[in-house]
Amino acid sequence: MGNSDRSSNGSPPRCPERDNKRWGATWKLLDKDTTLARRAVVQQSLRKRPRPRNPSTAWSRRQVIPSLLALKIERRHGFAPENIPQELPDQWFRIFWTDANCPFPPHSRRFRRTAAILLVQAAEDMDAQQAAEYLGFPPGTKLLTTPAQQPVAASSDERTDELRESLYRLVDHLAAIPAADHIDYRHRRRQHESWHLGDDAFAELVKHFVAVNKRKPAAPADQLHEALSALIWSQVTGSEPCLAPCFRPPFAAPGCSTTRTDPAIHLANRLRLDKPRSPYSVLLPLLADHAAHLLATCQQAASSMAPMPFPQVRAVIIE
């Protein structure tokens with residue numbers, strides 16, 4: 001190193017100690033001991049450059065839900081609270097959330113719950129907890145909190161406005177639906193609050209699975225029974241499979257707590273993803289048939305008509 005690189009006291013630049021001999025420490029020592037010209041070059045190299053602002057990182061998922069719950073929702077007409085399901089249908093979810101920079105998974109449970117609660121509040125004068133209980137969520141389960149909620153920064157006001165606009169876009173969509181096409185989801189939940197897939201119907205589904213796949217299901221029978229029952233109930237009531245009656249007494253053991261890690265709930269979530277190579281995909285059309293049969297039976301009962309016979313399992317042609 002030339003004379004111009006000597007430190008101000010005439011001695012050569014010091015090297016870092018042996019136990020701290022790293023490039024980062026070397027740059028810091030050079031920054032301290034070299035000439036002003038060389039120091040300017042070092043400082044320019046070490047200067048921290050601000051990272052480009054990414055909307056998806058500036059607006060984290062932990063901020064979205066508390067920010068939604070903090071919104072002041074104006075009362076809207078055109079739909080009633082009973083017209084809101086526990087879990088937003090995919091079509092409603094896509095109308096509400098259109099931010100391509102921060103996509104949510106199709107079945108983002110906590111986020112869809114929050115949006116449903118806000119829609120109930122838009123239809124009726126309720127607080128968030130009252131709206132959650134109206135939708136049939138179990139009380140005292142802390143549905144309205146998220147782990148380590150972060151306060152929304154003041155710079156996020158623009159994003160908060162976007163959330164409010166997205167919510168009202170969905171509210172306007174629901175208000176435009178003709179009254180005759182509205183569904184009373186609360187009535188459906190009450191009507192099927194103790195429904196469970198019967199043993200004979202479950203046996204028919206397993207028989208169909210074996211006929212198509214040439215083998216028995218890998219999942220244990222009791223878990224598969226609960227998963228299929230939860231999926232049918234979910235389609236009928238517009239609710240989350242994890243809240244199905246099969247996971248509560250008398251079908252479940254008293255005192256048994258159900259979580260997202262429950263094997264049957266995990267299986268139900270896997271089944272409704274409808275992956276092409278899944279052997280269980282052959283059951284999904286039959287589950288839709290069961291759901292349609294339940295709805296038709298309920299409508300007939302309301303009209304004092306005789307119940308419909310259960311639809312036969314579809315014929316399978318195996319070549």
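The shown structure was predicted, so the numbers you read here are calculated from the model rather than taken from an experiment.
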With rounding to the nearest 0.5 Å, note down the distance linking NE2 in H290 to CG in L228. 8.5 Å
Just so I know, are the side chains of H196 and P245 near enough to count as touching, which here means a heavy-atom distance under 4.5 Å? no
Shortest non-hydrogen pair, L231 vs P241, comes out as CD2-CG, 4.2 Å
With a 3.5 Å distance limit and no angle check, can you tell me whether H182 reaches the backbone of G78 through a side-chain donor-acceptor pair? yes
Could you tell me whether a side-chain N or O of R248 sits under 3.5 Å from a main-chain N or O of E193, the two making a donor and an acceptor? yes
Test item: W195 side-chain N/O and W233 main-chain N/O as donor-acceptor pair under 3.5 Å: no
Shortest non-hydrogen separation from F247 to C242 and the atoms involved: CD1-O, 3.7 Å
Sidechain-backbone polar pair: S229 side chain, H225 backbone, donor-acceptor under 3.5 Å: no
In D184, T237, L243, the residue satisfying side chain to side chain contact (heavy atoms under 4.5 Å, CB included) with R189 is T237
One pair to check against side-chain contact (heavy atoms from CB on, under 4.5 Å): R188 and L295. What are the steps and the verdict? CA-CA 9 Å; R188 288 188 179 185; L295 291 175; 3.5 Å; yes
Check for me, please, whether I177 and Y185 land in the same ILVMFWY cluster - side-chain distances under 4.5 Å, paths through other members count. no
Expected output: side-chain D262 to main-chain A264 donor-acceptor under 3.5 Å: yes
Under 3.5 Å donor-acceptor, S281 side chain and R277 backbone: no
Less than 4.5 Å apart, side chain to side chain, heavy atoms only: is that true for I232 and L197? yes
With a cut-off of 6.0 Å (strictly less than), are more than 12 heavy atoms of other residues, nucleotides or ligands near CG of D200? no
R272 side chain to L284 main-chain N or O, any donor-acceptor pair under 3.5 Å? no
Is it the case that one hydrophobic cluster holds both F111 and L119, taking links as side-chain heavy atoms less than 4.5 Å apart, direct or via other members? yes
Nearest heavy-atom approach of Q235 to L287 is OE1-O, 3.9 Å
Heavy-atom pair of closest approach, residues A131 and V120: CB-CG1, 3.8 Å
Taking Q86 for its side chain and L135 for its backbone only, find out whether a donor-acceptor pair lies under 3.5 Å. yes
Rounding to 0.5 Å, atoms CZ (R190) and NE2 (H187) come to a distance of 9.5 Å
Are L283 and F202 linked, directly or through other ILVMFWY residues, by side chains that come within less than 4.5 angstrom of each other? yes
Atom pair CG/CG of L170 and L88 - distance to nearest 0.5 Å: 6.5 Å
Taking everything shown except R169 itself, do over 12 heavy atoms lie less than 6.0 Å from its CZ? yes
Report the distance from atom NE2 of H173 to atom CZ of F96, rounding to the nearest 0.5 Å. 13.5 Å
Between the NE2 atom in H293 and the OG1 atom in T297, the distance rounded to the nearest 0.5 Å is 3.5 Å
Could you state whether I117 and I183 fall into the same hydrophobic cluster, counting links through intermediate Ile, Leu, Val, Met, Phe, Trp or Tyr residues with side-chain heavy atoms under 4.5 angstrom apart? no
Shortest non-hydrogen separation from W92 to P85 and the atoms involved: CZ3-CD, 3.4 Å
Any donor and acceptor pair, going by atom type alone, linking the side chain of S234 with main-chain N or O of A230 inside 3.5 Å? no
Beyond-backbone contact of N269 with H266, side-chain heavy atoms, under 4.5 angstrom: no
Verify, without hydrogens or angle tests, whether Q223 (side chain) and P220 (backbone) share a donor-acceptor contact under 3.5 angstrom. no
Using a cut-off of 6.0 Å, state whether more than 12 heavy atoms not belonging to D125 lie near its atom CG. no
Roughly how far, to the nearest 0.5 Å, is CZ of R164 from OH of Y168? 6.5 Å
